[in-house]
Structure formats: structure tokens, C-alpha cells
Amino acid sequence: LRWSGHKRRGVYLYEIILIINKMILTAGPSITQKEIEYVTDAITNGHGEHWADYIKKFEKSFAEYIGVKYALSTSSCTGALHLALVALGVGKGDEVIIPDCSWIATASSICYTGATPVFADVLPDTWCINPNSIEKNITERTKAIMPVHLYGHPAEMGVIKGIAIRYNLKIVEDAAPSVGTELCWKKTGSFGDIGCFSFQGAKLLSTGEGGMLVTNNTELFEKVKHYSEHGRLGTGFDISHIGFKYKMSNLQAAMGLAQLERVDELVMKKRLLYQCYKENLECVNGISLNKVSTQFERPNYWMTSIILEEDFNILRDGVMLKLKERNIDTRPFFPPISSFPMFKDANNSVSTYIGQNGINLPSGHNLTYEEVVYICNTIKEILGV
Ligand SMILES: *Cc1c(COP(=O)(O)O)cnc(C)c1O
């Protein structure tokens with residue numbers, strides 16, 4: 001931010017010139033001395049009998065934070081989702097219902113088990129799975145529902161749980177982007193049989209790469225642990241099943257623990273950024289921002305996003321390109337997963353629409369209020385409003 005003053009007729013006129021000479025990115029972790037200290041300690045002392053100190057602390061604190069009994073750290077959320085499905089007995093011949101608008105990992109984890117992802121449409125306001133569309137897609141092969149808390153917005157877990165009980169289905173929450181999101185004062189990830197989080201570099205809480213599986217079910221947790229350790233029996237070399245290697249390292253857990261101790265601050269910053277965007281973009285007709293449909297939803301606003309709902313004489317990709325020319329990096333919404341060549345297109349109209357018209361705005365932790373104003377003004381200018 002630069003102040004520039006001109007003296008005119010004895011009066012200083014100041015104008016504020018915001019100079020953006022570096023790309024404003026969509027994400028970015030918030031690293032403090034705490035993360036550096038913990039990771040340094042893990043590198044220096046985390047060996048021998050201390051090899052898992054941070055892993056144990058991180059898992060215990062994370063379970064407490066989410067409000068569940070058990071947490072298992074993993075190398076990614078994708079790995080956690082895969083483990084969850086295996087532990088629930090999902091396999092060849094089974095179907096799992098997921099929202100069409102999500103990251104590919106939601107579907108891939110199902111394919112790894114040999115089961116088939118079935119694509120439900122999403123709701124136009126919250127962008128999360130539409131419960132009516134879940135019911136329409138249930139067959140006698142359906143084994144589970146995997147709702148996604150997209151961009152940090154809570155899916156309608158109450159209604160989804162009702163459906164799961166009625167049709168005897170399991171629920172795995174893809175809570176990858178929703179650390180800190182609440183629904184009815186309960187944290188996402190704690191509603192289903194199993195919940196899975198991501199700590200990949202762009203997520204709210206980062207360990208570089210990493211994930212966490214949470215559950216309240218003791219039997220399921222034992223199974224997940226068993227499969228996550230190569231199907232090992234105890235700590236010896238006896239194996240009873242082909243399992244997986246999806247572990248988190250002590251170094252990553254050190255970073256994770258430091259981030260978790262700052263989680264309220266990290267969530268608050270995201271909510272603040274959303275408020276700043278809202279203040280500056282709310283007045284623009286034809287744009288809609290993240291919305292809550294009831295007062296019980298408390299998103300973490302991992303990514304403040306907009307949908308271009310009107311004809312602005314410029315398409316979404318054109319807007320993104322122009323923003324990039326002005327040093328503002330954005331992300332398009334996920335295209336419907338079912339539109340990829342590996343699947344049969346489910347033609348879900350809302351997923352298709354938001355996939356073509358949605359933009360994730362810069363939402364990194366280091367973003368300043370001035371930068372948000374600059375971004376909003378640039379958007380308005382490009383749209384000609
Ligand atoms: C980030 C993300 C994932 C994948 O997480 P990884 O840790 O990269 O495996 C899965 N689902 C959704 C909705 C995500 O946003």
C-alpha cells in the first residue's frame with residue numbers, strides 16, 4: 001500500500017494506490033514460529049522411542065477438537081476415504097452415492113475398492129449433495145452415501161442420516177475441506193460412521209500433505225487401524241489381510257499439531273475474509289456468494305466463491321483470465337465428476353451449471369483487507385458493473 005501526496009493550492013491531496021506486483025494466490029498456509037519449533041523438535045528429537053510422539057498428540061487433540069472418540073492420521077484424505085470404505089466392507093458390485101460436484105478423490109477412493117460411484121446432483125445454494133437426488137439414485141446395490149462438505153459448507157447431515165437409516169446405508173463424510181465447519185453446533189466429520197479430512201497444502205489446516213480419519217465406532221476404528229498397517233496382527237510380522245500403507249510421518253504431525261493449536265485463529269481468518277468479500281460484492285446483481293440455508297449451518301468458508309448467475313457479456317473463463325492479467329489467481333469450480341471419460345455422464349443440471357459458472361476467489365490466510373477490496377473492484381470492473 002503506497003500513499004502518494006500531491007500539493008495542490010496549498011492542500012495535500014492523498015490517493016491510495018495499491019500496488020499489486022505479485023500474483024495473489026487462491027490459497028497458502030499460515031506458518032508461524034510455532035510450526036517451525038515443533039517441526040524442528042521432531043527432526044531433532046523424534047527418533048527411537050519418540051518416533052511417534054507428535055503423531056499420538058496430533059491424533060488425540062484432533063479427536064478432541066472434532067468431538068469424536070478416535071482419530072487416525074493418514075498420508076492423505078484420499079487414503080483415509082479408501083480405508084474407510086474398506087473397513088465398511090464396500091467392494092465389487094456395491095454402489096456409493098456421491099455429489100457430482102466434488103474433487104475427483106471422492107470418486108477415486110470408491111473405484112479403488114472395486115465399487116461404483118453413483119453421482120447425485122447438488123443444491124443450488126449450498127453446493128452440497130441434494131438429499132432428494134440421493135433418494136432417486138438408491139438401488140439394491142447401494143451400500144453407502146459419501147456427502148462432501150464442499151468448500152467448507154456443511155452438507156445436510158440431518159436429512160442424509162434419515163435416508164441412511166431408512167435404507168440401511170453407511171455414511172462416510174468427505175470432510176476434506178471442512179476443518180472447523182459446524183452444523184447444529186457439532187463439527188463436520190462427526191456425523192457419519194466415518195469422517196475424513198485433508199491437510200494438503202491448500203487446505204485450511206496444512207501438513208504439506210496429509211489427512212485424518214475420525215470415528216466414534218470402536219470396532220470400525222480397530223478395522224481401519226488394521227488395514228492401515230498392512231493388515232498386520234499386532235506389532236509383529238503376522239499378516240491376515242492385504243492392507244495399505246497410508247501413514248502420516250511424525251514430522252508432518254508436528255506441523256499439524258502446531259496448526260491445530262492455532263485452528264480457531266485459522267478458521268476465524270477465513271470467516272473474516274468471507275465477510276470482507278460479502279461487504280464488497282453483495283451489492284452486485286447477478287453474482288451470488290456462499291450462502292447458508294439455515295442458521296444451524298456454520299461454514300468455515302475455506303474458499304469464498306462466487307457464481308456468475310447473469311449474462312455479463314463475458315464468460316466465466318474470460319473473467320478468470322482477465323483477473324489473472326491483473327495478478328489475481330482464481331480457481332474454477334469442479335467440473336461434474338461424471339463428465340470425465342471414465343464415467344457415464346449423469347447430466348446433473350445444477351452440478352453442470354455451477355461447474356461452468358463458479359469461481360473460487362483468493363482465500364489464503366495472508367490476504368489483506370486491501371487486497372480483497374482490490375479483487376472485488378477488479379471483478380466489478382471486468383463485469384462492467
Ligand atoms: C482436498 C480434497 C480431497 C483430497 O484430499 P487429499 O488430502 O489431497 O487426498 C478430497 N475431497 C475433497 C472435497 C477435497 O476438497
Side-chain angles (χ1 to χ4, degrees), residues 26-29 58 62 71-86 96-113 117 119-120 122-123 126-129 144-155 157 160 171-181 188-189 191-192 194-214 228 244-249 252-253 255-256 259-260 266 270 290 299-305 331-338 340 351 354-355 358-361 363-364:
T26 50
F58 185 34
F62 196 82
L72 178 79
S73 56
T74 55
S75 51
S76 69
C77 178
T78 310
L81 291 169
H82 184 196
L83 281 174
L85 293 166
V86 169
V96 179
I97 299 177
I98 61 170
D100 211 351
C101 183
S102 182
W103 174 229
I104 182 69
T106 315
S108 310
S109 61
I110 298 164
C111 298
Y112 297 164
T113 69
F119 304 98
V122 295
L123 293 160
T126 64
W127 315 322
C128 290
I129 196 163
I145 309 167
M146 201 193 274
V148 178
H149 306 298
L150 199 74
Y151 305 136
H153 192 99
M157 294 315 297
I160 295 168
I171 298 177
V172 177
E173 290 175 73
D174 180 348
S178 72
V179 172
T181 297
T188 49
F191 290 87
I194 294 176
C196 302
F197 293 89
S198 171
F199 309 133
Q200 176 265 345
K203 295 282 160 44
L204 186 140
L205 189 159
S206 171
T207 59
E209 291 283 355
M212 191 78 84
L213 181 154
V214 300
S228 77
F244 307 95
K245 176 69 192 290
Y246 286 143
K247 286 171 122 166
M248 175 180 278
S249 73
Q252 291 167 302
M255 179 169 166
Q259 292 258 287
L260 186 59
L266 296 178
K270 292 280 186 181
N290 316 45
N300 66 4
Y301 295 104
W302 169 54
M303 284 255 173
T304 294
S305 308
R331 290 181 11 172
F333 264 44
F334 296 122
I337 300 176
S338 74
F340 297 142
S351 302
I354 64 172
I359 305 177
N360 302 130
L361 300 176
S363 302

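Note that this is a predicted model, so its numbers are computed, not measured. Numbers for residues simply follow the sequence, beginning at 1. We count ligands from 1, going down the list as the structure has it; atoms in each ligand are counted the same way.
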Of the protein's non-hydrogen atoms, which lies at the shortest distance from [atom], and what is that distance?
atom                    : answer
atom 11 (N) of ligand 1 : D174 OD2, 2.8 Å
atom 4 (C) of ligand 1  : W103 CD1, 3.7 Å
atom 1 (C) of ligand 1  : K203 NZ, 1.4 Å

Which atoms of ligand 1 are found less than 4.0 Å from any heavy atom of [X]?
X    : result
S102 : 13 (C)
V148 : 13 (C)
A105 : 4 (C), 10 (C)

Quick check: does [X] get an N/O under 3.5 Å from an N/O on ligand 1?
X    : value
C77  : yes
S198 : yes
T78  : yes
E209 : no

F62 and F199 aromatic centres sub-6.0 Å: yes
Ring-ring centroid check Y151 F333, cutoff 6.0 Å: yes
Could you check whether S305 and N360, counting side-chain N and O atoms only, form a donor-acceptor pair closer than 3.5 Å? yes
Do we see a donor-acceptor contact under 3.5 Å between the side chains of T188 and S178? yes
Which distance, rounded to the nearest 0.5 Å, do you find between the CD1 of I337 and the OG of S102? 5.0 Å
What distance do S198 atom OG and M212 atom CE have between them, rounded to the nearest 0.5 Å? 11.5 Å
Would G211 count as a contact of ligand 1 if the rule is a heavy atom under 4.0 Å away? no
Contact between G210 and ligand 1, counting heavy atoms under 4.0 Å? yes
Test your reading of the model: is there a side-chain donor-acceptor pair from H82 to the backbone of S109, 3.5 Å cut-off? no
Applying side-chain contact (heavy atoms from CB on, under 4.5 Å), run through V179 and K203 and close with a yes or a no. CA-CA 9 Å; V179 172; K203 295 282 160 44; over 6 Å; no
Go through the steps to decide whether I160 and I145 satisfy the test side-chain contact (heavy atoms from CB on, under 4.5 Å), and finish with yes or no. CA-CA 8 Å; I160 295 168; I145 309 167; 4.1 Å; yes
Mind checking whether S76 contacts ligand 1 via backbone (N, CA, C, O), side chain (CB onward), both or neither, at a 4.0 Å heavy-atom cut-off? both
